[in-house]
Amino acid sequence: MAYLDHAATTPMLPEAVSAMTAALAEHGNPSSLHASGRRARRTVEEARERVAAALGARPSEVVFTGGGTESDNLAVKGIFWARRAADPRHTVVLASAVEHHAVLDAVEWLHAHEGAQVELIGVDGLGRVDVAAFEAALDAHRDRLAVATVMWANNEVGTVQPVVSLAAAARAAGVPFHTDAAQAVGQLPVDFAASGVSAMTVAGHKLGGPFGVGALVLGRDVACTPLLHGGGQERDVRSGTLDAPSIAGFAVAVEAAVKAQADRAVHLAELREELVARVLAEVPDAILNGDPRDRLPGNVHFSFPGCEGDALLMLLDARGIECSTGSACSAGVAQPSHVLVAMGADSERARGSLRFSLGHTSTLADVDALAEAIGPVVERARRAGPAR
Amino acid sequence: MKVLAAMSGGVDSAVAAARAADAGHDVTGVHLALSESPQSHRTGARGCCTLEDSRDARRAADVIGIPFYVWGMAERFGADVVDNFVAEYAAGRTPNPCLRCNEKIKFAAVLDRALALGFDAVVTGHHARLSGGVLRRSVDAAKDQSYVLAVLTRAQLAHSIFPLGDSTKVQVRAEAAERGLTVADKPDSHDICFIPDGDTAGFLRERLGERPGEIVDAVSGEVLGGHDGSFAYTIGQRRGLRLGRPAPDGKPRYVLDISPVTNTVRVGPAEALDVDEITAVRPVWIVAAEPEGPLRCLVQIRAHGSPRPATVIPAGQGWRVELDAPDRGVAAGQAVVLYDGDTVLGSATIDSARSRAVTA
Ligand SMILES: Cc1ncc(COP(=O)(O)O)c(C=O)c1O
């Protein structure tokens, strides 16, 4: 079995499992005033400090959430609402065309239900956001900007975005800038303060922590209207009894992932280059999508001309190789990826693509298994053709 | 064998997939997404292509323990089944879309793709028996689906497996419950899957627009009323004619024929529906020995009709079918399926029908 789908979710780190299971055996609501509550609160607050320290943020800037999707929704909608409440002219949302659906659909929702004017910023053939186009959009809408959002690194094709330049431009234009760093933390150096962003999404299960927990790192001066109203936890931005065990596991994972990041990036990039070379040796006409240099160390994304991604996935699955088409589904039917379409790929190239993503448990044996299977699998899929 | 089980989300296909796995096949489940914009939930017992059906199919596959994928076939289904359905009605015929779907999608587009991807056969939950290339009725006469499979060629049948033919529906449901399949008591799907509200006339009106025309008495030639589109009528239909006047003899009148060219619906007494000679085209022989001369057999001329003795005479590219006794409501576009006892011999598409007693 070769697991090449770490971008979908990566196995939990043993130290995170230990921290979480230890906390699961404890009881107490972190909001309670008695001894049990105090103990639970200590777990949560220590976790907050560890996450903050690992990500270059202050503890008060860490808002625990139910994961990447919630963090993205909270940032995009919450900052939009707060900005519009402060000034009704603030209704323009800038977003890259290659955002994860957790951002893109939230933005679309704001357009459909809240009257937001949405400006999608295009990308080049390698999936890089055009900084000049972003600056031009900032200029064009100056007094009407509500929020801007561009992901740190793309989950499908792995392209790393010029977040620092974009954040600086947004700051100069006076608009809060959110970045979805769900795929970046643990793979790239991520420092909240140094990056200049106003808000940043982090997701537990993408970096070796548990499912259903994450954080929105939210600058102290950034106003954000809550999605969830209730007991007023998390600076009143995110009500709900805190999930101390998940948060404990999450914090340990963030800390470990950040500590190991530099070495892991070197190791993963080596494996990645090996994987790319071996696949190209078997399938010379495969096309590597995304930025060949400025990409997540664990991401490989290929288009296989003449094949359908679904067919490739099924045939590899039957041989024990687990990967992804990397694109969203409706009723499980793959749609051409909006990321590849934004990069200018035609629909055949978009449909015939697969993502192989590496992570902390990946070894050369995984690459060997893929290299052995990919030739016959592509040949088989070609016989079935790209048609649907 | 490496087999692909088509899983609709219903109980039959789930049990069929489970039996195929028990039989030692390497089974992969596939749900065909046939609708461009699927509804999220089933409404009542109708239709079959909602997201809920897709999830039911996936859940069944997980319980059986087989890989499961969704194949998007909406474009092919739209062109080969739905558009064809509309065009057939527009041409005054009465198509059977399930039969068409078997012929063009399940045992053509899906089978071809399966074979290309290295599978040996397609497994479905149809109620019919198939072994050694011989297609027979299900042991459950009420659920028998051999009629809608009779359009398949020998080549298609050679790559098909129907594991349910020896069981009744009641047995299939009981087995599903025993296997822990949550679809065990899911209602049967009826009607046409792409017309979930069952309003075929409304569906056709939406696609074809209103085309007002006349309803004419076949005997007197008198205009009895009007209609919004001849496609809303089928041969033998009695209800919903909304004729202003009763017939002189006081007996009900039926649709006798539909002429799309003049957009006229002709109606008349029940006896005028009686036909005993059918011309059929596009014949398919399932049995190995194609008869050269007249053949005595049983014929079935609609999905839930009973078989009737007849003589089938090869004529040009098709057949002339002479029924021993007249039958009613024979509609062009339906299949005429030939049986020897419960064995399917072949099928063809009804082109026209008449009564030998009446001079045309
Ligand atoms: C870039 C990105 N953002 C957001 C998400 C959603 O995160 P979660 O699964 O924690 O809701 C994902 C994971 O699919 C992702 O890759």
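Each chain gets a letter, A, B and so on, in the order the sequences are listed, and its residues count up from 1. Scope of the values below: all heavy atoms of this structure, side chains included, with no hydrogens, waters or symmetry mates.
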Holding to salt bridge (charged side-chain N to carboxylate O under 4.0 Å, His left out), I want the full list of residues that pass it with A:Arg382, two or more places apart in sequence or in another chain.
A:Asp285

So which heavy atom on B:Val70 is nearest to which on A:Asp310, and how close?
O-OD2, 4.2 Å

Hey, is CZ on B:Arg58 packed in by over 12 heavy atoms from elsewhere, all under 6.0 Å?
no

Non-hydrogen side-chain atoms of A:Glu308 and B:Arg113 separated by less than 4.5 Å
yes

Using only non-hydrogen atoms and a strict under-4.5 angstrom cutoff, which residues of residues 114-122 of chain B touch chain A?
B:Leu115, B:Ala116, B:Leu117, B:Gly118, B:Phe119

Any chance CD of A:Glu372 has more than 12 other-residue heavy atoms, nucleotides or ligands included, within less than 6.0 Å?
no

All ring pair (Phe, Tyr, Trp, His ring centres under 6.0 Å) counterparts of A:Phe80, not counting sequence neighbours:
none

Atom CZ of residue position B:Arg282 - does it have more than 12 heavy atoms of other residues, nucleotides or ligands inside 6.0 Å?
no

Measuring from atom OH of B:Tyr69 to atom CG of A:Leu313, what distance do you get when rounded to the nearest 0.5 angstrom?
6.0 Å

Quiz: residues 81-90 of chain B side-chain donor-acceptor pairs under 3.5 angstrom, not counting sequence neighbours:
unit_1, atom_1, unit_2, atom_2, d
B:Asn84, OD1, B:Arg100, NE, 3.4
B:Glu88, OE1, B:Arg93, NE, 3.0
B:Glu88, OE2, B:Arg93, NE, 3.3
B:Glu88, OE2, B:Arg93, NH2, 3.0

Heavy-atom neighbours of B:Arg179 CZ exceed 12 at 6.0 Å:
yes

